[in-house]
Asks: 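Structure in structure tokens, see below.
The structure displayed is predicted, hence computed values, not measured ones. Residue numbering restarts at 1 for every chain, and letters A, B, ... go by the order of the sequence lines.
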Amino acid sequence: MDGGASSDSRISPKGKEEESNRTVLAILVGPPGSGKSTFCEAVISASRRPWVRVCQDTIGNGKTGTKAQCLKGAVDALNEGKSVFIDRCNLEREQRADFLKFCGSRTDMHAIVLDLPAKVCISRCVNRTGHEGNVQGGRAAVIVNKMLQNKEAPNLNEGFSRITFCQNDSDVKEAIKMYSELGPADKLSPGEFGKKSKKESGQQSIMKFFKKSAREENSQKEKEGGSSSGNGAGNEFPTLAFPSISTADFQFDLDKASDIIVESAQDFLKRVDNVRLALVDLSDKSRIISLVREKVMKKGIDSNRFITFVGDITMLYSKGGLRCTAIANAANWRLKPGGGGVNAAIFKAAGEALDIATKERAETLNPGSSVAVPLPSTSPLYQREGVTHVIHVLGPNMNPQRPNYLQNDYTKGCKILRDAYSSLFESFASVACLERNKKPKLAELKDKTSGESKNKENREEVKSRNQNQTTTTTTTTSGESKNKENREEVKSRNWGSWALALYNTAMDPEKYKDGLLEIADDFIVLNDLYPKARKHVLVLSRLNGLDCLEDAKREHLPILKSMHSAGVKWVKKFLSEDPSPHFRLGYHSVPSMRQLHLHVISQDFDSPSLKNKKHWNSFNTAFFRDSVDVIDEIEEHGSAKLSGEKLLEMELRCHRCKSAHPNIPKLKSHIAKCRASYPPHLLQNSRLLSATNNDLNIS
DNA sequence: GTTCTAGAAC
DNA sequence: GTTCTAGAAC
């Protein structure tokens with residue numbers, strides 16, 4: 001920081017009489033979660049000067065307050081000779097203007113800008129509301145980000161005599177100290193303090209993060225003896241390739257659309273560093289591409305960070321040498337493959353895996369929103385193109401032949417299209433953040449620069465790397481054919497001694513019988529030693545050699561079925577004691593403990609043993625394979641689908657409402673309260689068992 | 001699978 | 001300073 005906020009500041013009053021009665025009206029400027037109320041409270045409790053906090057959230061006595069009420073509150077306090085904090089977001093100039101009318105001989109106008117990283121504000125919002133209301137998880141992010149999009153930093157020419165900018169907690173602390181020490185007769189020196197040098201941004205931590213990653217990558221490159229920098233620098237950035245949304249089938253006006261693309265992109269790139277956007281179109285005669293190019297040029301957007309690209313969005317790397325972290329899909333609202341255009345092409349190129357992964361994420365999509373779907377490493381798009389995520393996005397429809405036609409209402413249409421792009425870019429930012437967190441895999445590829453003649457060796461490299469991955473992590477997709485070659489290698493597993501506890505129990509149950517709930521001929525039921533929910537038991541196969549789900553084949557169907565019905569029996573027993581919980585029965589794709597075991601687990605996940613991301617994701621991503629599906633798949637294909645351990649690294653999402661949470665404690669406090677209905681996928685095929693579940697009465 | 005702990009993030 | 005994560009050892 002350039003030391004600003006600290007640079008004090010107090011000027012002792014010149015002529016005591018005239019100056020000592022001066023009041024201060026300080027307008028706090030910052031999004032939800034930036035700490036405005038905390039700021040006010042800290043100053044008020046420590047200050048010798050009489051302050052009044054005028055807060056729009058509380059002024060309405062339970063109802064949402066209005067700006068008018070705030071204005072009146074401020075006038076009253078100032079008339080009583082008190083100084084005032086205006087505690088509302090005040091991010092836009094217009095919002096602040098009315099308060100500045102008080103600027104007069106007796107009142108000094110101050111702005112205090114809490115320009116903290118958006119990420120920090122979002123996580124505080126999540127924490128604060130925790131549960132109900134709309135400001136939680138992903139929504140908090142959307143709301144805060146949206147507000148920040150329109151923010152206008154206060155300027156002295158609005159009528160402020162002093163503006164204090166705070167970019168981090170220590171700036172805030174100093175500002176609090178400064179205002180706290182402001183006695184009734186003191187005056188703070190006028191001017192701007194603590195303003196950031198160049199770009200202003202609420203995304204500091206994300207920017208820092210990307211900068212750091214880029215540095216690391218560069219230094220690694222140097223170590224490898226690679227070329228230093230040059231014009232290709234942009235090639236290192238995580239890149240989002242996206243088609244123009246709504247302008248093909250949905251017939252959105254091209255001129256308007258190109259404005260929105262350029263403005264949204266510029267906005268995004270301003271806030272997030274070291275990422276790149278690429279607008280892609282199939283044809284070099286594309287009108288949208290030329291319009292966008294023109295506007296990008298006019299606006300002077302960095303050509304390393306925003307590019308237009310002519311080519312097939314499903315073959316950007318293999319055919320065009322353009323490496324993209326994520327590609328956007330102009331999806332339909334049902335998120336179904338097919339149809340035509342980009343949607344059909346992407347689903348086709350990504351294979352069945354994308355369809356499955358999409359279904360796990362969402363059933364439908366609203367216009368103006370997006371959903372990021374991680375691509376399984378088996379998808380051709382991942383292997384061949386290095387794409388880790390497909391982000392489905394749905395724009396407005398201006399085509400009368402298609403559903404949800406907007407009847408030429410471009411006010412609505414433009415808004416939805418803007419929302420669509422901003423949602424798309426936000427999704428990409430979190431994807432890029434996630435990918436960066438992992439050890440760079442594809443980034444290891446030493447490609448020189450762009451060049452259309454992307455050499456074959458590189459592609460071979462990608463391929464072999466991914467093959468290696470499949471052998472070590474036992475990731476598979478569709479059925480038996482896939483992993484035949486790998487099987488021998490995978491077969492010899494190294495189980496640590498700690499991983500044999502279940503195996504030993506299964507082989508010699510009598511020895512451990514005190515701790516067991518049930519011993520049958522082919523299975524054992526026992527409480528999980530470290531339950532991850534209030535009810536969590538294991539149905540353990542007794543068959544030697546059946547180590548894990550990967551080993552389960554058609555010949556094991558009888559035992560799988562008998563384990564399943566044992567599980568259901570125990571669920572019934574638990575429900576007869578307490579009918580409230582829901583249960584799932586399933587296997588981990590890659591278990592830590594040897595000997596096939598079926599988890600029977602209540603969906604409260606209320607347990608001190610549930611401590612980390614891996615715990616959560618092992619029960620709440622596709623890593624957890626429902627017993628019913630496993631049986632179906634083995635009956636049909638001879639083996640069950642397995643998911644890779646990559647899923648265990650995914651961001652934390654509520655298993656009911658699917659909101660995202662920054663860490664385990666916050667997730668846990670959320671799920672303790674979330675009563676949203678379960679995702680539709682779980683409500684089918686008896687994947688979720690409860691007291692009201694009819695299937696329980698029959699089987 | 002857990003525990004322990006360094007150090008990152010807050 | 002405290003909270004949280006993630007990697008190593010078992």
Asks: Do you know the tightest heavy-atom contact between F165(A) and D171(A)?
Replies: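 Reported closest heavy-atom pair: O-OD2, 4.4 Å.
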
Asks: Contacts to DNA chain B from residues 601-610 of chain A, heavy-atom cutoff under 4.0 Å, which residues?
Replies: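 Contacting residues: none.
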
Asks: Any salt bridge between E633(A) and R625(A), counting N to O under 4.0 Å?
Replies: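 A salt bridge is present here (some side-chain N lies under 4.0 Å from a carboxylate O).
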
Asks: Determine whether H588(A) and F623(A) satisfy the following criterion, ring-ring contact (aromatic ring centres under 6.0 Å, His included), listing intermediate values before the conclusion.
Replies: CA-CA 6 Å; H588(A) 284 158; F623(A) 187 86; 5.5 Å; yes

Asks: Provide, to the nearest angstrom, the distance between the CH2 atom belonging to W498(A) and the P atom belonging to dA8(C).
Replies: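 For the pair W498(A) CH2 and dA8(C) P, the rounded distance is 14 Å.
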
Asks: Can the ring centres of F619(A) and H536(A) be said to be less than 6.0 Å apart?
Replies: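 Centroid separation for F619(A) and H536(A): below 6.0 Å.
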
Asks: Checking side chain to side chain contact (heavy atoms under 4.5 Å, CB included) against L596(A), which of L546(A), L540(A), V539(A) comes through?
Replies: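 Output: one option passes, namely L546(A).
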
Asks: Taking only nitrogen or oxygen atoms into account, show me every contact under 3.5 Å that the protein makes with nucleotides 3-5 of chain C, one pair per line with its distance.
Replies:
residue, atom, partner, partner atom, Å
dT5(C), OP1, I664(A), N, 3.1

Asks: E651(A) and R361(A): salt bridge (Lys or Arg N to Asp or Glu O under 4.0 Å), yes or no, with the steps?
Replies: CA-CA 12 Å; E651(A) 76 275 31; R361(A) 284 294 169 127; 3.5 Å; yes

Asks: Rounded to whole Å, how long is the line connecting atom CG of L500(A) with atom C1' of dC10(C)?
Replies: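 Rounded to whole Å, this separation is 13 Å.
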
Asks: Can you list the residues that meet the side-chain contact (heavy atoms from CB on, under 4.5 Å) rule with L529(A), with sequence neighbours excluded?
Replies: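 Per chain and number, L529(A) pairs via side-chain contact (heavy atoms from CB on, under 4.5 Å) with no residue.
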
Asks: Within residues 522-540 of chain A, which residues have any heavy atom lying less than 4.0 Å from an atom of DNA chain B?
Replies: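 The answer is Y530(A), K532(A).
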
Asks: Between dG1(B) atom P and W495(A) atom CH2, what is the distance in whole Å?
Replies: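 So the CH2-P distance, W495(A) to dG1(B), works out to 10 Å.
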
Asks: Classify H597(A) by what it touches in the nucleic acid, base, sugar-phosphate, or nothing, heavy-atom distance under 4.0 Å.
Replies: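 Counting heavy atoms under 4.0 Å across all strands, no contact is made by H597(A).
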
Asks: Is the H582(A) to Y678(A) ring centre distance short of 6.0 Å?
Replies: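 Under 6.0 Å, so yes.
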
Asks: Whether the S627(A) and R687(A) side chains hold a donor-acceptor pair (N or O, under 3.5 Å, no angle test) is what I'd like checked.
Replies: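 Short answer, no.
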
Asks: Only counting residues at least two apart or in another chain, list the ones meeting side-chain contact (heavy atoms from CB on, under 4.5 Å) with S565(A).
Replies: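 S565(A): no side-chain contact (heavy atoms from CB on, under 4.5 Å) contacts found.
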
Asks: Do any pairs count as a salt bridge (Lys or Arg N to Asp or Glu O under 4.0 Å) and have a residue in residues 514-539 of chain A, sequence neighbours left out, and if so which ones?
Replies: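 Applying salt bridge (Lys or Arg N to Asp or Glu O under 4.0 Å) to every pair that reaches into residues 514-539 of chain A, excluding sequence neighbours, yields E518(A)-K569(A), R534(A)-D606(A).
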
Asks: Does dT2(B) have OP1 or OP2 under 4.0 Å away from a side-chain N or O of H615(A)?
Replies: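 For dT2(B), OP1/OP2 do have a side-chain N/O of H615(A) under 4.0 Å.
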
